[in-house]
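Each chain gets a letter, A, B and so on, in the order the sequences are listed, and its residues count up from 1.
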Amino acid sequence: MTQKPSSPSATTEAAKTQPDAQHTSEHAAQIRQTRIDKLDSWQKLGHNPYPYHFEKSHSNAELQTKYDHLENGVETEDIVSVAGRVMALRNSGMFIDLQDPTGKLQVFSHKENLSPELMEALKLVDIGDIIGATGTIRRTPRGELSVKVTHFEILGKSLLPLPEKYHGLTDIETRYRQRYLDLIMNQESRNTLVKRSRIIMEIRKLLMEKDFLEVETPMLQTIAGGAAAKPFITHHNTLDIDMYLRIAPELFLKRLIVGGISERVFELNRNFRNEGISPKHNPEFTMMELYQAYADYNDMMDLTEEIVTTVAKNVLGTTTIDFQGTEINLASPWPRKSMIDCVKEETGVDFAAIQTDEEARAAAKKLHVEVEDYDTWGYALEKVFEVKVEHKLIQPIHITDYPREISPLAKAHRDNPRLVERFETRVYGWEIANAFSELSDPLDQRQRFEAQMAQRDHGDDEAHQMDEDYITALEYGMPPCGGLGIGIDRLIMILTNSPNIRDVIAFPTLKPKA
RNA sequence: GCGAGUUUAGCUCAGUGGUAGAGCACUCCCCUUUUAAGGGAUAGGUCCUGGGUUCGAAUCCCAGAACUCGCACCA
């Protein structure tokens with residue numbers, strides 16, 4: 001508390017003795033030192049180089065809107081205070097492009113209005129600095145809305161040069177590693193991440209309106225259940241046990257349904273999967289899972305459509321979107337087609353007519369789909385679907401009625417014991433949602449887990465683990481229940497026309513630089 | 001994990017086995033109502049790293065690193 005946060009000697013000395021580790025070339029050091037010297041000069045003029053507060057009267061966008069009808073060359077006497085980052089300096093600082101999160105505004109400095117001291121101090125302002133300026137609103141003869149300043153101050157000196165103004169920052173690695181630079185330079189990056197926030201807010205809002213209770217369940221789990229995936233392993237020191245970062249919240253959310261905390265719960269948060277990284281996969285990703293008592297998977301299809309179309313309308317203002325040159329129409333209702341029918345239409349092979357695993361494998365091989373010798377009817381069906389059908393499902397569609405053996409948490413289909421009541425919603429070929437009529441029969445659930453354990457013995461280390469406590473919960477009785485999971489990052493990619501998942505995650509996982 | 005590609009100034013990019021280049025940014029001078037770029041001058045380099053071939057390597061070869069894309073795995 002007694003320490004002055006920014007004494008001149010501290011600032012200058014630290015800079016001279018500790019050059020920025022990331023910019024060690026002579027040229028970079030020169031640029032940086034020049035700016036530190038300017039900061040020093042500013043301070044010697046009696047200013048706090050890192051002040052505490054600035055009274056900003058308007059955002060740039062507010063002023064652009066408010067003075068939209070101000071004609072070229074017209075000056076007002078309206079006094080405003082603006083603040084933001086200097087993105088361009090023209091004519092020795094007479095014209096400054098000031099950027100704030102809402103947009104750009106020009107700051108105009110003229111000796112008629114600025115004291116000789118501040119006129120001189122204008123030379124201390126660099127591109128990249130955060131400044132605040134107070135003055136009157138005018139529109140230049142060329143049509144640029146400007147603040148004609150009577151006073152300005154440096155609110156945050158930039159010691160490092162920004163990327164070039166014309167091409168900006170395009171290096172993909174730098175954009176992800178130094179996201180702050182990307183956000184300063186690229187409007188598109190700002191738009192995408194702002195839209196992400198709005199999309200998530202709209203989902204929460206809709207679910208809360210529908211009486212869903214937002215809950216939190218463990219990220220650290222002793223059994224990584226609820227999905228088929230490789231978990232991250234970590235260690236709790238005082239308990240001296242290994243724990244897993246969750247791959248899904250599913251089993252805990254259904255415990256809450258058993259407990260009756262609410263008939264409708266949801267969780268919107270991170271999952272972690274220790275698998276490959278790709279344009280569609282980040283090790284930590286955001287999932288929304290919800291459970292609704294007394295509902296089935298048909299209700300979940302309705303709800304999926306409502307969520308996606310509501311979000312699209314409220315955030316984008318339309319349900320017709322462009323994704324990488326492909327027009328996608330999100331307007332409800334979306335077709336619902338069974339996996340078996342999809343495969344039949346695409347390949348002519350009717351898996352419903354196939355009785356044995358052997359026949360199923362033969363049918364797959366005949367379609368040039370690779371199958372393992374131990375693959376059952378269901379696995380063969382799924383593999384054929386993935387190879388032959390999946391990529392063709394560009395417009396939104398619910399693929400229904402999955403094979404029982406690949407869906408150990410879904411309730412048996414009411415009309416066909418080989419199937420379960422599960423669907424996946426596909427948009428642009430991607431799985432956007434995955435949902436079931438939840439399996440609530442504890443005896444059946446135990447058998448499913450046991451079948452999964454057998455898969456594990458076959459070498460499938462992503463098969464589900466036995467969760468005795470979960471079965472115990474079911475034995476106390478769970479209402480019929482619909483469950484739905486939506487991959488939030490993928491949905492945001494589609495809605496923001498982002499081809500890479502890293503574009504929709506502020507700080508995606510990267511390997512540290514050596 | 002496998003394959004292909006990329007890596008040169010702060011940024012965006014050229015580059016021939018023979019002294020390292022441009023534009024923007026930076027610094028200085030001139031200039032005062034401009035819109036990526038007014039005029040002029042200066043300065044700025046671990047050519048990703050480590051080996052090798054060669055009289056000589058940013059360039060050719062080998063190994064490694066990070067990134068990108070595809071495949072595998074998955075959402």
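Look at B/U35: it lacks any Watson-Crick or wobble partner with both distances under 3.5 angstrom. Base-pair partner of B/C48: B/G64 (Watson-Crick or G-U wobble, both distances under 3.5 Å). In this structure B/G70 sits in a base pair with B/C2, meeting the Watson-Crick or G-U test at under 3.5 Å. Shown here, B/A43 forms no base pair; nothing in the strands shown gives a Watson-Crick or G-U wobble contact with both key distances under 3.5 Å. With a 3.5 Å ceiling on both atom-pair distances, the Watson-Crick or G-U wobble partner of B/C24 is B/G10.
Checking each of A/Lys280, A/Arg502, A/Arg196 against A/Asp489 for a side-chain hydrogen bond (donor to acceptor under 3.5 Å, both in side chains) leaves exactly one that passes, namely A/Arg196.
Note: CZ (A/Arg270) to P (B/A75) measures 18 Å, nearest angstrom. The CG-P distance, from A/Asn186 to B/A36, rounds to 17 Å in whole Å. Rounded to an integer number of Å, the gap from CG of A/Asp171 to C1' of B/C13 is 12 Å. As rounded to whole Å, 14 Å separates atom C1' of B/C24 from atom CG of A/Leu89. B/U12 atom C1' lies 14 Å from atom CD1 of A/Ile172, rounded to whole Å. Protein atom CD of A/Glu173 is 13 Å distant from nucleotide atom P of B/U7, rounded to whole Å. The distance between atom CD of A/Glu164 and atom P of B/A22, rounded to the nearest whole Å, is 15 Å. Counting to the nearest Å, the P atom of B/C26 and the NZ atom of A/Lys157 are 11 Å from each other.
With A/Gln99 contributing its side chain and A/Ile184 its backbone, the two residues share a donor-acceptor pair below 3.5 Å. Remark: side-chain polar atoms of A/Ser437 are paired, donor with acceptor, to backbone N or O of A/Tyr297 under 3.5 angstrom. Listed for the A/Arg361 side chain is a donor-acceptor partner under 3.5 Å among the backbone atoms of A/Asp373. With hydrogens and angles disregarded, no donor-acceptor distance shorter than 3.5 Å links the side chain of A/Arg90 to the backbone of A/Ile96. A/Asp97 places no side-chain N or O within donor-acceptor distance of the main-chain N or O of A/Val86, the cut-off being under 3.5 Å. Proximity of a side-chain donor or acceptor of A/Arg190 to a complementary backbone N or O of A/Thr102 within less than 3.5 Å is not detected. When atom types are taken as modelled, the side chain of A/Arg179 and the backbone of A/Asp182 share no donor-acceptor pair closer than 3.5 angstrom.
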What N/O pairs connect the protein and nucleotides 3-5 of chain B at under 3.5 Å? Give each pair on its own line.
none

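When the C1' atom is compared between B/G38 and B/U32, the two are found 11 Å apart, to the nearest whole Å. Using atom P as the reference point in both B/A4 and B/A20, the two lie 32 Å apart (nearest Å). Taking atom P on both B/A63 and B/A41, the two are 48 Å apart, rounded to the nearest angstrom. Only the C1' atoms considered, B/U6 is 16 Å distant from B/U49, to the nearest whole Å. On the P atoms, B/U8 is 6 Å away from B/C48, given to the nearest whole Å. Atom name P, nucleotides B/G39 and B/G70: the rounded distance is 43 Å, in whole Å.
Across all strands shown, A/Lys38 has heavy atoms under 4.0 Å from sugar-phosphate atoms exclusively, and none from any base. No engagement by A/Asn274 is indicated, since no non-hydrogen atom pair under 4.0 Å with the nucleic acid exists. Residue contacts shown for A/Gly276 include a base, since a base heavy atom lies under 4.0 Å away. Residue-level contact check: A/Glu144 touches the bases, meaning some heavy atom is under 4.0 Å from a base atom. At the heavy-atom level, A/Gly143 lies nowhere under 4.0 Å from the strands shown. Among the atoms of the strands shown, only primed sugar atoms or phosphate atoms (P, OP1, OP2) are found under 4.0 Å from some heavy atom of A/Tyr176. Within the 4.0 angstrom heavy-atom criterion, only backbone atoms of the sugar-phosphate kind lie near A/Arg502; the bases stay farther away.
Side-chain atoms of A/Arg90 lie closest to B/U35 of the nucleotides B/C26, B/A75, B/U35. Across B/C67, B/U27, B/A72, the shortest atom-to-atom separation from the side chain of A/Arg177 is found for B/C67. Ranking B/U68, B/C26, B/C69 by closeness to the A/Ile127 side chain, first place goes to B/C26. When distances run from any side-chain atom of A/Lys165 to the nucleotides B/C24, B/C69, B/U35, the shortest one goes to B/C24.
Phosphate proximity of B/U33 to A/Thr140: absent, as no side-chain N or O sits under 4.0 Å from OP1 or OP2. Distances shown here put a side-chain N or O of A/Arg142 below 4.0 Å from the OP1 or OP2 atom of B/U35.
Annotation: of the two residues near RNA chain B, A/Asp489 and A/Ile277, the 5′-most nearest-nucleotide partner is A/Ile277. Where A/Ser109 and A/Leu169 each meet RNA chain B at their nearest nucleotide, the meeting point lying more 5' is that of A/Leu169.
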Contact letters for nucleotides 38-45 of chain B, in which S counts primed atoms plus P, OP1 and OP2 and B counts the base, heavy atoms under 4.0 Å: -----SSS
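The nearest pair of heavy atoms linking A/Thr309 to A/Trp334 is CG2-CZ2, 4.4 Å.
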Derivation and outcome, side chain to side chain donor-acceptor pair (under 3.5 Å), residues A/Glu77 and A/Thr136: CA-CA 6 Å; A/Glu77 298 191 346; A/Thr136 52; over 6 Å; no
Full working for side chain to side chain donor-acceptor pair (under 3.5 Å) between A/Gln455 and A/His464: CA-CA 9 Å; A/Gln455 281 292 318; A/His464 285 63; over 6 Å; no
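Both thresholds, 5.5 Å between centres and 30° between ring planes, are met by A/Phe285 relative to the base of B/A75, so the two rings are stacked.
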